[in-house]
Amino acid sequence: MYRYKTDLNLDLTLSSGQCFRWKKINGSWHGVVRGFEEFVYREGKYLVFENSEEVIFNNIFYEYFDFSTDYGKILKTLSNDENVQNYVEKNGKLAILRQESFETLISFIISACNNIPRIMKIIDNLCKNFGENNAFPSPEKLASLTVEDLSVIRAGFRADYIINAAKAVASKEIDLEYLEKSDTETVRKELMKLKGVGRKVADCTLLYGFHRLEVAPVDRHINRIFERLYPNGLPECFEEYAGVAQQYLFVEESGVWTAS
DNA sequence: AGCCAGGGTCTGC
DNA sequence: GCAGACCATGGC
């Protein structure tokens, strides 16, 4: 067990539609990160990581929950917009998780024209059927499958997209490791070469899988709230951290989470 | 039964 | 570049 002092709102962060493998069971969040299974819950001013010792925490969860990023500074910048300021005050501090790029890419290919509970179910099926020890399956593993093999996960028309993307990544036709060091516009253009990846899925992969905080994915909810709140364009203070602002707005508009 | 879900592709203009 | 049909599935 490892305890880490932080004011991160765990419920808000894990249910804000950026990740799909965390589930709250008996007050404790259960998830799998880089193949490591963990239970996390809040106890006063601390988050408790049940299965982790200090080394595991430092190697996996410190990075994953983005504890090295100064969100105080980011939220101070975004507080120049009163809508975001109100949501931060009401809901608390959320982090943009540092998820693995391949998992993020496939997850958001699955998200197309889909709802969050079913996205979670399909990804759960994917990991149970094709992942090693409940981990997210590797590009090589998914690249070896056929659409018929994938039918057990009930992904529908997305099955073909998943396999094609996995093949492109496994063959380094799309080199995710290399893209890590590329500028945002290059990554976006490369990702959009994949079938099933348009602007929105590419931007979700950029924000959640490549941690490009300046990228704000625009789905139906965000499009609606942008048009309502900012008909004349987004506030200047969004620039660098539009992805973080977008996350607070998404939570409000989509109703994925309500403060209790 | 019909509508909706963190979209994207393909075709035709 | 933009509109519209279509894509597979499940919950309500």
Side-chain angles (χ1 to χ4, degrees), chain A residues 11-23 84 87 91 94-97 99-126 128-129 142 145-169 174 187-230 234 238 242-258:
Chain A
D11 291 347
L12 174 66
T13 299
L14 294 181
S15 52
S16 66
Q18 59 174 312
C19 55
F20 303 104
R21 294 203 72 199
W22 289 92
K23 241 183 177 171
V84 174
Y87 297 152
N91 295 340
L94 73 70
I96 301 298
L97 301 168
Q99 302 181 69
E100 289 179 90
S101 54
F102 180 67
E103 174 171 347
T104 309
L105 171 64
I106 299 299
S107 295
F108 281 93
I109 285 176
I110 291 169
S111 79
C113 198
N114 213 338
N115 55 66
I116 291 179
R118 198 165 84 94
I119 297 167
M120 294 177 74
K121 193 167 286 179
I122 292 171
I123 293 174
D124 191 47
N125 288 338
L126 184 67
K128 278 192 176 132
N129 283 283
L142 293 184
L145 302 176
T146 65
V147 172
E148 296 83 68
D149 294 332
L150 261 191
S151 65
V152 291
I153 74 170
R154 312 298 291 157
F157 63 84
R158 308 164 191 85
D160 179 48
Y161 299 158
I162 294 169
I163 292 169
N164 275 303
K167 282 180 177 166
V169 171
I174 299 284
V187 182
R188 180 182 286 129
K189 211 162 65 183
E190 283 299 303
L191 291 174
M192 286 179 69
K193 287 180 181 170
L194 297 168
K195 255 196 271 178
V197 181
R199 173 70 186 242
K200 194 271 177 179
V201 170
D203 281 3
C204 283
T205 307
L206 274 164
L207 177 59
Y208 307 127
F210 289 87
H211 210 257
R212 305 299 166 95
L213 298 184
E214 77 277 15
V215 176
V218 178
D219 73 333
R220 318 172 192 235
H221 300 297
I222 292 298
N223 190 41
R224 202 183 315 138
I225 201 165
F226 275 3
E227 281 182 355
R228 190 170 78 239
L229 298 181
Y230 314 110
L234 299 181
F238 276 23
V244 180
Q246 171 272 157
Q247 203 64 24
Y248 278 97
L249 296 172
F250 178 79
V251 167
E252 288 298 320
E253 187 69 11
S254 69
V256 285
W257 186 77
T258 45

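Basis for what follows: all heavy atoms, side chains included, without hydrogens, waters or symmetry-related copies. Chain letters run A, B, ... following the sequence lines, proteins first, then strands; residues in each count from 1.
- Listed by first and then second residue, the side-chain hydrogen bond (donor to acceptor under 3.5 Å, both in side chains) pairs involving residues 109-119 of chain A are A/Asn114-A/Arg118 (not counting sequence neighbours).
- Atom NZ in A/Lys195 sits about 16 Å away from atom P in C/dC7, given to the nearest Å.
- Between the side chains of A/Tyr208 and A/Glu103, no donor-acceptor pair is found at a separation under 3.5 Å.
- Per the geometry, CG belonging to A/Leu105 stands 14 Å off C1' belonging to B/dG8, to the nearest Å.
- The nearest whole Å value for the distance from the CG atom in A/Leu150 to the P atom in C/dC7 is 20 Å.
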Using distance only, find each side-chain donor-acceptor pair of residues 189-199 of chain A under 3.5 Å and give its atom names and separation, not counting sequence neighbours.
{"unit_1": "A/Glu190", "atom_1": "OE2", "unit_2": "A/Lys193", "atom_2": "NZ", "d": "2.7"}
{"unit_1": "A/Arg199", "atom_1": "NE", "unit_2": "A/Asp203", "atom_2": "OD2", "d": "2.9"}

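- The side chain to side chain donor-acceptor pair (under 3.5 Å) test applied to A/Ser15 returns no partner, not counting sequence neighbours.
- Contacts of A/Leu249 with the nucleic acid, taken as non-hydrogen atoms under 4.0 Å apart, are absent.
- Nearer to the 5' terminus of DNA chain C, by closest-nucleotide assignment, is the contact made by A/Tyr161 (compared with the other of A/Arg154 and A/Tyr161).
- With no hydrogens or angles considered, no side-chain donor-acceptor pair links A/Thr104 and A/Gln99 at under 3.5 Å.
- The distance from atom CD1 of A/Ile162 to atom P of B/dG8 is 14 Å, rounded to the nearest whole Å.
- Between the CD1 atom of A/Ile123 and the P atom of C/dT9 there is a distance of 17 Å, given to the nearest Å.
- Here C/dA8 presents its C1' atom at 15 Å from CG of A/Asn125, a figure rounded to the nearest Å.
- Between the P atoms of B/dC10 and C/dA8, the separation comes to 14 Å (whole Å).
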Anything under 3.5 Å between a protein N or O and an N or O of nucleotides 3-6 of chain B, put it in a table, one pair a line.
{"unit_1": "B/dA5", "atom_1": "OP2", "unit_2": "A/Arg220", "atom_2": "NH1", "d": "3.4"}
{"unit_1": "B/dA5", "atom_1": "O3'", "unit_2": "A/Asn114", "atom_2": "O", "d": "2.8"}
{"unit_1": "B/dG6", "atom_1": "OP1", "unit_2": "A/Ile116", "atom_2": "N", "d": "2.8"}
{"unit_1": "B/dG6", "atom_1": "OP2", "unit_2": "A/His221", "atom_2": "NE2", "d": "3.4"}
{"unit_1": "B/dG6", "atom_1": "O4'", "unit_2": "A/Asp219", "atom_2": "OD2", "d": "3.1"}
{"unit_1": "B/dG6", "atom_1": "N7", "unit_2": "A/Gly17", "atom_2": "O", "d": "2.7"}
{"unit_1": "B/dG6", "atom_1": "O6", "unit_2": "A/Ser16", "atom_2": "O", "d": "3.4"}
{"unit_1": "B/dG6", "atom_1": "O6", "unit_2": "A/Gly17", "atom_2": "O", "d": "3.2"}
{"unit_1": "B/dG6", "atom_1": "O6", "unit_2": "A/Tyr208", "atom_2": "OH", "d": "2.7"}
{"unit_1": "B/dG6", "atom_1": "O6", "unit_2": "A/Gln247", "atom_2": "NE2", "d": "3.3"}
{"unit_1": "B/dG6", "atom_1": "N1", "unit_2": "A/Tyr208", "atom_2": "OH", "d": "3.3"}
{"unit_1": "B/dG6", "atom_1": "N1", "unit_2": "A/Gln246", "atom_2": "OE1", "d": "2.8"}
{"unit_1": "B/dG6", "atom_1": "N2", "unit_2": "A/Pro217", "atom_2": "O", "d": "3.1"}
{"unit_1": "B/dG6", "atom_1": "N2", "unit_2": "A/Gln246", "atom_2": "OE1", "d": "2.8"}
{"unit_1": "B/dG6", "atom_1": "N3", "unit_2": "A/Asp219", "atom_2": "OD2", "d": "3.3"}

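- With both ends at atom C1', the span from C/dA5 to B/dG6 equals 22 Å, rounded to whole Å.
- In this structure, the CD1 atom of A/Ile109 is 11 Å from the C1' atom of B/dG7, given to the nearest Å.
- By the salt bridge (charged side-chain N to carboxylate O under 4.0 Å, His left out) test, A/Asp219 is found to be paired with no residue, residues two or more places apart in sequence or in another chain being considered.
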Side-chain polar contacts of residues 147-154 of chain A - donor-acceptor pairs under 3.5 angstrom, sequence neighbours left out - could you list them?
{"unit_1": "A/Asp149", "atom_1": "OD2", "unit_2": "A/Thr146", "atom_2": "N", "d": "2.8"}
{"unit_1": "A/Asp149", "atom_1": "OD2", "unit_2": "A/Thr146", "atom_2": "OG1", "d": "3.1"}
{"unit_1": "A/Ser151", "atom_1": "OG", "unit_2": "A/Glu148", "atom_2": "O", "d": "2.7"}

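- Heavy atoms of A/Val197 sit under 4.0 angstrom from primed sugar atoms or phosphate atoms, though from no base atom.
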